[in-house]
Student: 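One structure, as structure tokens, below. Some questions next.
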Amino acid sequence: MIFSRDSKAKGRTRETLKRELINHPWNLTLPRAAALQSELASHVRLTPLKEPSVIVAGADIAESAGQVFAAVVVMDSSSGKVIEISRSHAFARFSAIAGYLAFRHGPIILKAIHQLDHTPELFFFAGHGVCHPRFLGLAAHLGLRMDRASIGCSSERLVGHYDLPGPKRGDHTVVRFSPQAPGAVLRTQPGINPLFVSPGHKIDLMGAISETLRLSTKFRFPEPLRRAHIEAGRYMREFRDNARITEPKKQSPR
DNA sequence: GCGACAG
DNA sequence: ATCTTGTCGC
């Protein structure tokens with residue numbers, strides 16, 4: 001237990017301690033972050049999704065010069081319409097180390113999510129779910145924190161070995177790593193590189209695959225994630241343009 | 001020392 | 001992830 005040596009832990013109920021564990025601070029040392037991931041991973045539940053989610057969200061990041069720009073796009077999957085967008089930015093307080101992205105992006109994404117008026121049933125995150133060295137990628141971490149269903153979608157492998165899936169939309173293979181860390185390589189569009197999909201929290205691999213497929217009918221990434229990616233980039237660019245007008249130090253080279 | 005390494 | 005114009009293609 002990470003916080004068991006804390007004298008303040010005396011007299012707390014089991015549930016209270018669990019909440020404190022899940023609502024941990026983000027500015028940890030690398031070894032403490034790793035230990036926390038391992039402990040939190042035991043609380044992740046890869047349970048089947050009851051039914052396809054209606055209100056879904058995608059969260060992605062753009063960054064420049066140490067600043068992280070997060071965008072969350074909420075969509076009504078029955079109509080395919082965007083119903084809300086939230087953004088947040090801050091200087092990164094954790095290094096960009098593979099396996100620890102949640103500590104760099106997590107707090108900023110969460111701030112944007114907390115600003116939402118809507119309550120999405122399912123979140124897509126740019127990164128991995130439980131297919132992670134310590135079974136707790138960003139999507140699993142944030143899903144657990146919010147106690148909401150979540151899926152990780154990445155364009156690159158983090159752990160394990162795999163064979164490429166067939167060429168048809170929906171073709172997929174499974175990542176060989178650990179039974180505790182299911183993941184798939186999923187072809188969402190013919191002729192387009194596959195996606196690495198893994199369940200985050202409150203969903204299983206089958207659900208992660210079917211929901212990702214259901215929401216990516218035209219592009220490589222599921223629509224909420226694709227929109228969030230575009231929105232984060234736009235947010236970052238707006239911020240840059242404002243800074244350039246206010247502070248005209250940097251001019252483009254001839 | 002060398003290769004691996006989400007965004 | 002970002003640095004970056006025009007350009008090829010549906």
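The structure displayed is predicted, hence computed values, not measured ones. In what follows, chains carry the letters A, B, and so on, assigned in the order in which the sequence lines appear, proteins first and then strands, with residues in each chain numbered from 1.
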Student: So, A:Arg148 and A:Glu121, do they make that salt bridge, N to O below 4.0 Å?
Tutor: no

Student: Just by modelled atom types, is the A:Ile22 backbone N or O under 3.5 Å from a matching donor or acceptor in the A:Arg145 side chain?
Tutor: yes

Student: Would you find a donor on one side and an acceptor on the other, under 3.5 Å apart, between the side chain of A:Ser86 and the backbone of A:Ala112?
Tutor: yes

Student: Give one of base, sugar-phosphate or nothing for A:Ala126, where a contact means two heavy atoms less than 4.0 Å apart.
Tutor: sugar-phosphate

Student: Please check: side-chain N/O of A:Glu84 versus main-chain N/O of A:Asp117, any donor-acceptor pairing under 3.5 Å?
Tutor: yes

Student: Output the pairing pattern of DNA chain B as a dot-bracket string, 5' first, Watson-Crick or G-U wobble with both distances under 3.5 Å, | for cross-strand pairs, [ ] for crossing pairs.
Tutor: .......

Student: Could you tell me whether the side chain of A:Glu63 has a donor or acceptor atom within less than 3.5 Å of a complementary atom in the base of B:dG7?
Tutor: yes

Student: Pick base, sugar-phosphate or nothing for A:Gly152, based on heavy-atom distances below 4.0 Å to the nucleic acid.
Tutor: nothing

Student: Can A:Asp163 and A:Arg176 be counted as an ion pair, charged N to O under 4.0 angstrom?
Tutor: yes

Student: Ring centroids only, cut at 6.0 angstrom: are A:His105 and A:Trp26 within range, meaning strictly under it?
Tutor: no

Student: Indicate whether OP1 or OP2 belonging to B:dG7 is found under 4.0 Å from a side-chain N or O atom of A:Ser154.
Tutor: yes

Student: Answer with base, sugar-phosphate or nothing: what part of the nucleic acid does A:Phe196 contact at a heavy-atom distance below 4.0 Å?
Tutor: nothing

Student: Could you tell me whether A:Ala62 contacts a base, only the sugar-phosphate backbone, or nothing, with contacts defined as non-hydrogen atoms closer than 4.0 Å?
Tutor: sugar-phosphate

